[in-house]
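A quick write-up on the structure given underneath.
Order of appearance sets the numbers: ligands from 1, and atoms from 1 within every ligand.
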Amino acid sequence: MLSKRSQTLGESLTLAITALANDLKAKGEDVLSFSAGEPDFDTPQIIKEAAIKAIEQGCGKYTAVAGLPSVLEAVQFKLKNDNGLSYETSEIITNVGAKHSLFECIQCLVEEGDEVIIPVPFWVSYPEMVKYSGAKPIFVYTDEKNGFKMTADELKNAITSKTKILMLNSPSNPVGSVYTKDELKALAKVLEGTNIIVLSDEMYEKLCYDDFKFHAFASVSEDALKRTVTINGLSKCAAMPGWRFGYMASKNKELNAAVKRLQGQSTSNICSITQHAATAALLGKANEDVEKMRIEFQKRRDKACELLSKIDTISFYKPEGAFYLFINISKLQKDSMKFCQQLLEQKKVAVVPGVGFGMDGYFRFSYATSMDNIIKGIERISDFIQNYKA
Ligand code: PMP
Ligand code: GLU
């Protein structure tokens, strides 16, 4: 009855575990969840007010497929101001979250016979989106010591005549590593002379810690600017996950036109009220709130790293960004699904198995939750691990 591509489409493990933890909590179980891929902070007041004003002013009509001129100008301002990138408003499209931007780009760009390079570990949805298009994900296994960042040589070795897209994600989910400008430049150099398009997923841009600086891939060279689709959103960095706002910016006229056609025949414009709220965020009106969140995330990262480093059978890369830790449990258990199920059943702690990110023997711990939960949760994890029998 179903199309082949629908039958083989896997479920989002991150969403599934979060839903399971919420169900258990609703039933009264004392579950501590570290599965969430969303900030626990509320959307800043000034963004909410922009939405309320838009509702009151009757802004509930359809808009242009790519978005209102005002929101496109706000994205244009943000990209110039924060990243030094110059895009025309005609080169920008707003989408129903960055997940939707990625999905639309992949569906418009590739098909059977094409290859898409995905560094491992990856964000859960990349391979599924690629497989849904008919193209083949090419997994590049990276080095844990290097924060699982892909090197220029690893990229060079993965390129074939069939390669059409490189998926890049910095700061990364699930590791939290951030590519330096030099690392990005080295990757950009490898791509010179090819037709490979980079989908640069910059969702966690504003969540960088200590002295680590975020660099947009398109900003590292003229060549990179031409081949990159800059993809971003406000779910993580403006605490707006449920508002569903993402955007893409690209110099590729054909791709932009194809995405507009696909969107025009599927979702039309994104929610008009969200566009008004997003405009306030993109113009920097909530920057103080965002900075407060970043500082709080950094404190939680530090606490979680301090406590977890006392458990000697596990190891992890200390993240420079995002709000996750990717924890190596391979000395205890290679089957991450089994480990996470046991942890949930026995200690009521929800984390996401590494297998969902392409790497068994790990789990992802999200510290987008209160300091109290982090302390209590790591106590339970420590207890569980001390008595662990595979
Ligand atoms: N990319 C990464 C790496 C993510 O973690 C997420 C989180 N869901 C997204 C893209 C998509 O986010 P959204 O659709 O909420 O904008
Ligand atoms: N991206 C978040 C995560 O990795 C949210 C869940 C999802 O969209 O899959 O948990």
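Closest to atom 2 (C) of ligand 1 among all protein heavy atoms lies Asp201 OD2, 3.4 Å. In terms of protein heavy-atom proximity, atom 16 (O) of ligand 1 is nearest to Ala98 N, 2.7 Å. At the shortest separation from atom 15 (O) of ligand 1 among protein heavy atoms lies Ser235 OG, 2.6 Å. In this structure, the protein non-hydrogen atom closest to atom 7 (C) of ligand 1 is Lys236 NZ, 2.7 Å. With hydrogens left out, the protein atom closest to atom 14 (O) of ligand 1 is Arg244 NH2, 2.7 Å, a heavy atom. Here the protein heavy atom with the shortest distance to atom 6 (C) of ligand 1 is Trp123 CZ2, 3.6 Å.
Shown here is Lys136, whose NZ atom has no more than 12 heavy atoms of other residues, nucleotides or ligands within 6.0 Å.
For the residue pair Thr160/Glu115, the side-chain donor-acceptor check at 3.5 Å is satisfied. Inspection of the Glu91 and Asn256 side chains reveals no N or O donor paired with an N or O acceptor under 3.5 Å.
Once rounded to the nearest 0.5 Å, the distance linking NZ of Lys78 with OH of Tyr87 reads 10.0 Å.
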Taking a 3.5 Å cut-off between nitrogen or oxygen atoms, can you list every pair linking ligand 2 to the protein, with distances?
| from | atom 1 | to | atom 2 | distance (Å) |
| --- | --- | --- | --- | --- |
| ligand 2 | 1 (N) | Trp123 | NE1 | 3.2 |
| ligand 2 | 1 (N) | Lys236 | NZ | 3.3 |
| ligand 2 | 4 (O) | Trp123 | NE1 | 3.1 |
| ligand 2 | 4 (O) | Asn173 | ND2 | 2.9 |
| ligand 2 | 4 (O) | Arg364 | NH1 | 2.9 |
| ligand 2 | 8 (O) | Lys99 | NZ | 2.9 |
| ligand 2 | 9 (O) | Ser12 | OG | 3.2 |
| ligand 2 | 9 (O) | Thr14 | OG1 | 2.6 |
| ligand 2 | 10 (O) | Arg364 | NH1 | 3.4 |
| ligand 2 | 10 (O) | Arg364 | NH2 | 2.8 |

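Aromatic rings from Phe363 and Phe339 are positioned such that their centres are separated by under 6.0 Å. In this structure, Tyr204 has its ring center at least 6.0 angstrom away from the ring center of Phe297.
With distances taken over non-hydrogen atoms, the option nearest atom 4 (C) of ligand 1 out of Tyr324, Phe122, Tyr204, Phe245 is Tyr204.
Inclusion of His100 in the set of residues having an N or O under 3.5 Å from an N or O of ligand 1 is not warranted.
Contacts between Val96 and ligand 1, counted as non-hydrogen atom pairs separated by less than 4.0 Å, are absent for every part of the residue. With a 4.0 Å heavy-atom cut-off, ligand 1 is reached by the side chain of Met203 but not by its N, CA, C or O.
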Q.
If you apply the rule side chain to side chain donor-acceptor pair (under 3.5 Å), what do you find for Glu154 with Thr142, and how did you get there?
A. CA-CA 8 Å; Glu154 285 161 351; Thr142 53; 5.6 Å; no
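The closest donor-acceptor contact from the side chain of Glu205 to the backbone of Gly233 lies at 3.5 Å or more, if one exists at all.
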